[in-house]
Amino acid sequence: MNWDRIQDSWKQLRGNVTGQWGKLTDDDVDAIDGSRVFLAGKIQERYGVARDEAEKQVRKWQRQINDNWL
């Protein structure tokens with residue numbers, strides 16, 4: 001699934017996002033609103049990881065979404 005489809009499906013993916021990153025609040029997920037950059041930033045902020053690690057987690061999650069939704 002490309003990121004445009006993730007953005008379009010953000011409301012349906014909310015539970016998946018909070019399941020993957022439990023420290024993200026509902027307000028965080030609302031603010032992210034499907035933005036890859038904001039998602040990585042919130043992961044970095046909430047988990048205290050480096051930007052490259054947050055991006056790596058987002059890429060891994062995106063691959064999981066691809067595997068499960070296609």
Side-chain angles (χ1 to χ4, degrees):
M1 176 178 291
N2 67 35
W3 201 264
D4 290 336
R5 288 191 59 203
I6 289 174
Q7 275 187 301
D8 292 343
S9 302
W10 191 248
K11 289 188 187 310
Q12 292 83 12
L13 292 170
R14 289 177 60 88
N16 191 288
V17 171
T18 56
Q20 179 71 32
W21 296 285
K23 290 184 181 181
L24 295 182
T25 66
D26 288 337
D27 288 341
D28 290 337
V29 177
D30 287 342
I32 293 164
D33 195 30
S35 168
R36 183 185 191 105
V37 172
F38 287 166
L39 175 57
K42 284 296 181 183
I43 293 167
Q44 185 179 9
E45 178 184 324
R46 296 287 184 222
Y47 287 88
V49 298
R51 185 69 179 193
D52 61 331
E53 173 60 25
E55 290 287 345
K56 180 180 171 184
Q57 289 182 27
V58 171
R59 284 191 305 272
K60 181 179 177 185
W61 177 76
Q62 184 177 2
R63 283 191 304 272
Q64 290 171 340
I65 294 298
N66 283 335
D67 292 344
N68 293 327
W69 280 46
L70 296 178

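Computed from a prediction, not measured in an experiment: that's the story for all the values here.
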Could you tell me the separation between the [atom1] atom of [X] and the [atom2] atom of [Y], rounded to the nearest 0.5 Å?
| X | Y | atom1 | atom2 | answer |
| --- | --- | --- | --- | --- |
| Asp27 | Ile32 | CG | CD1 | 10.5 Å |
| Thr18 | Asn16 | OG1 | CG | 8.0 Å |
| Asp4 | Arg36 | CG | CZ | 11.0 Å |
| Glu55 | Ile43 | CD | CD1 | 8.5 Å |
| Gln12 | Ile6 | CD | CD1 | 12.0 Å |

- Parallel, tilted or perpendicular: rings of Trp10 and Trp61 (30°, 60°):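 Trp61 and Trp10: perpendicular rings.
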Could you pull out all residues at least two apart from [X] that satisfy side-chain hydrogen bond (donor to acceptor under 3.5 Å, both in side chains)?
| X | answer |
| --- | --- |
| Arg63 | none |
| Arg59 | none |
| Thr25 | Asp28 |
| Glu45 | none |

- Item | Check: Trp3 side chain, Gly34 main-chain N or O, donor-acceptor pair, under 3.5 Å |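 Side chain of Trp3 to backbone of Gly34: a pair is present.
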- Query: Counting only N and O atoms by type, is there a donor-acceptor contact under 3.5 Å from the side chain of Tyr47 to the main-chain atoms of Ala54?
  - Reply: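 Not a single qualifying donor-acceptor pair exists.
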- Task: List in chain and number order the residues that pass side-chain contact (heavy atoms from CB on, under 4.5 Å) with Asp52, two or more places apart in sequence or in another chain; answer none if no residue qualifies.
- Result: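 Counting only residues at least two positions away or on another chain, Asp52 forms a side-chain contact (heavy atoms from CB on, under 4.5 Å) with Ala50.
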- Query: Less than 4.5 Å apart, any side-chain heavy atom of Ile65 and any of Gln62?
  - Reply: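 A side-chain contact is absent here, since even the closest heavy-atom pair is not under 4.5 Å.
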- Message: So Lys42 and Lys23, do their side chains get closer than 4.5 Å, heavy atoms only?
- Response: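 No; the side chains remain at least 4.5 Å from each other.
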- Who are the salt bridge (charged side-chain N to carboxylate O under 4.0 Å, His left out) partners of Asp30, not counting sequence neighbours?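 Per chain and number, Asp30 pairs via salt bridge (charged side-chain N to carboxylate O under 4.0 Å, His left out) with Arg14.
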